[in-house]
Structure formats: structure tokens, C-alpha cells
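Contents: one structure, followed by commentary.
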Amino acid sequence: MGILNVQREHDLKKKTEAPPKKKITLPIPAAAKEGEPVVPQTDLKDKSKRIWIVTTAALPWMTGTAVNPLLRAAYMTTGRKEAGGSVTLMIPWLERRQDQEQVYGPNKIFKSAEEQEEYIRNWLR
């Protein structure tokens, strides 16, 4: 009887244990080599692509996190509309006045997201 109980416990343990995890190897990003083809779905030079750029900061907060994506989006729009593509820049909107004052300072307060968008577009010109 004792041997059967040990065997039964062993069988139960086997059933409840998770199968061993398979090791997954991911490709290591690297620059394209001369003559190496670019995968079509990653080719940003294709002006017919719809590009989305998401950032966590916006003007008038003059940080790299706000300025760099804005300039990249502006650069990438060249010729894209004519080819059927687009560039969308998603930026955060600080709804509360006190948050805007804390981040942008007391002289750069916006009543609406549209007002901030107008400020950003004028800054780009």
C-alpha cells in the first residue's frame, strides 16, 4: 500500500507541474547591411504608409521628449499626403490648469487642446 501511495503522489505531481518552458530567442536589432533588403512593412521611406508617433510630452515644454518627435513628424510628412500616407503625432493633453502651470509655467496656459495645437503649429513655422 505504501508504494502505491508514493506512486499516486508522483503521478499527481506530474499532472500539476507546468511543462518546461521553451527558450525563445528574439532577433537582435542591427543596422541594415549594404545590399540587404528592407522588409516592406518596416520601410518608412514608403510615403504611402500611415505613421503614428506617440510621445509623453508636448510643447511648450521644451524637452527632447516634446521637440524631437514633433520635428520627426514634421519631417516625415513631406510628400506623404500625395502618396496616400499620413503622419499622426499623439501628444498628451494636460486638462487641469494646475498641471499646465506646473509643467509649462504660468504664462503658457491653454483653454483647449485645439489652442495648444495652434501654438504647436505656429512654433513649427
Side-chain angles (χ1 to χ4, degrees):
M1 289 288 224
I3 293 174
L4 286 177
N5 286 340
V6 171
Q7 183 64 40
R8 199 173 299 141
E9 284 177 20
H10 176 72
D11 290 345
L12 284 172
K13 205 178 213 183
K14 265 182 144 177
K15 288 179 186 176
T16 58
E17 285 178 0
K21 291 184 179 180
K22 294 179 182 176
K23 186 175 180 180
I24 298 172
T25 55
L26 298 174
I28 298 170
K33 294 179 178 73
E34 186 68 36
E36 185 177 44
V38 176
V39 182
Q41 57 268 35
T42 65
D43 186 5
L44 297 179
K45 290 185 277 181
D46 179 356
K47 302 288 186 182
S48 68
K49 296 253 189 272
R50 292 186 322 212
I51 307 292
W52 288 73
I53 300 173
V54 182
T55 187
T56 57
L59 293 183
W61 196 18
M62 299 298 283
T63 65
T65 309
V67 175
N68 292 341
L70 175 61
L71 295 177
R72 174 65 60 191
Y75 173 77
M76 292 182 82
T77 60
T78 306
R80 200 163 291 272
K81 187 175 184 179
E82 297 79 15
S86 64
V87 178
T88 302
L89 176 63
M90 293 182 64
I91 59 173
W93 163 245
L94 299 178
E95 193 169 352
R96 296 184 331 187
R97 180 182 176 89
Q98 65 202 37
D99 292 339
Q100 288 187 34
E101 284 180 1
Q102 184 178 2
V103 175
Y104 307 142
N107 299 328
K108 297 279 199 278
I109 305 300
F110 304 102
K111 294 177 183 156
S112 67
E114 292 77 19
E115 189 179 326
Q116 184 177 12
E117 179 182 351
E118 184 180 341
Y119 174 88
I120 293 169
R121 288 181 183 276
N122 287 333
W123 185 87
L124 271 174
R125 291 185 186 125

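For reference, positions follow the sequence shown, starting with 1.
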Next item on the list: Given side chain to side chain contact (heavy atoms under 4.5 Å, CB included), test Asn68 with Thr63 step by step and report yes or no.
Entry: CA-CA 8 Å; Asn68 292 341; Thr63 65; over 6 Å; no

Next item on the list: Apply the test side chain to side chain contact (heavy atoms under 4.5 Å, CB included) to residues Asp99 and Val103: give CA-CA distance (whole Å), side-chain angles for both, the deciding distance (0.1 Å), then the verdict.
Entry: CA-CA 6 Å; Asp99 292 339; Val103 175; 5.5 Å; no

Next item on the list: Applying side chain to side chain contact (heavy atoms under 4.5 Å, CB included), run through Val67 and Trp123 and close with a yes or a no.
Entry: CA-CA 10 Å; Val67 175; Trp123 185 87; 4.0 Å; yes

Next item on the list: Decide yes or no on side chain to side chain contact (heavy atoms under 4.5 Å, CB included) for Leu94 and Gln102, but give the supporting numbers first.
Entry: CA-CA 10 Å; Leu94 299 178; Gln102 184 178 2; over 6 Å; no

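Across all their heavy atoms, Lys49 and Asp43 have their closest contact at CE-O, 3.6 Å. Shortest non-hydrogen contact noted between Leu89 and Ala73 is CB-CB, 4.2 Å. Here the closest non-hydrogen pair linking Arg80 and Val87 is CD-CG2, 3.5 Å. Considering every non-hydrogen atom in both Gln100 and Lys108, the closest pair reads OE1-O, 4.1 Å. Here the closest non-hydrogen pair linking Thr55 and Thr65 is OG1-O, 2.6 Å. Lys47 and Gly79 make their closest contact through CB-O, 3.9 Å (heavy atoms, listed as atom of the first residue, atom of the second, distance).
How far CG of Asn122 is from CD of Glu117: 10.5 Å, rounded to the nearest 0.5 Å. In this structure, NZ on Lys111 lies 9.0 Å from CZ on Arg97, to the nearest 0.5 angstrom. Annotation: the span from Ile109 atom CD1 to Gln116 atom CD amounts to 10.0 Å, rounded to 0.5 Å.
The same ILVMFWY cluster, assembled from side-chain heavy atoms under 4.5 Å apart, contains both Met62 and Ile53. Under the 4.5 Å side-chain contact rule for hydrophobic residues, Leu70 and Leu44 share a cluster. Using a 4.5 Å cut-off between side-chain heavy atoms of Ile, Leu, Val, Met, Phe, Trp and Tyr, with links allowed through other members, Met76 and Trp52 fall into different hydrophobic clusters.
Surrounding CD of Glu115 are more than 12 heavy atoms belonging to other residues, nucleotides or ligands, all under 6.0 Å away. Within a 6.0 Å sphere centred on CD of Glu95, heavy atoms belonging to other residues, nucleotides or ligands number 12 at most.
Looking only at side-chain heavy atoms (C-beta outward), Phe110 and Pro60 come within less than 4.5 Å of each other. Contact check for Leu124 versus Leu71: side-chain heavy atoms found under the 4.5 Å cut-off.
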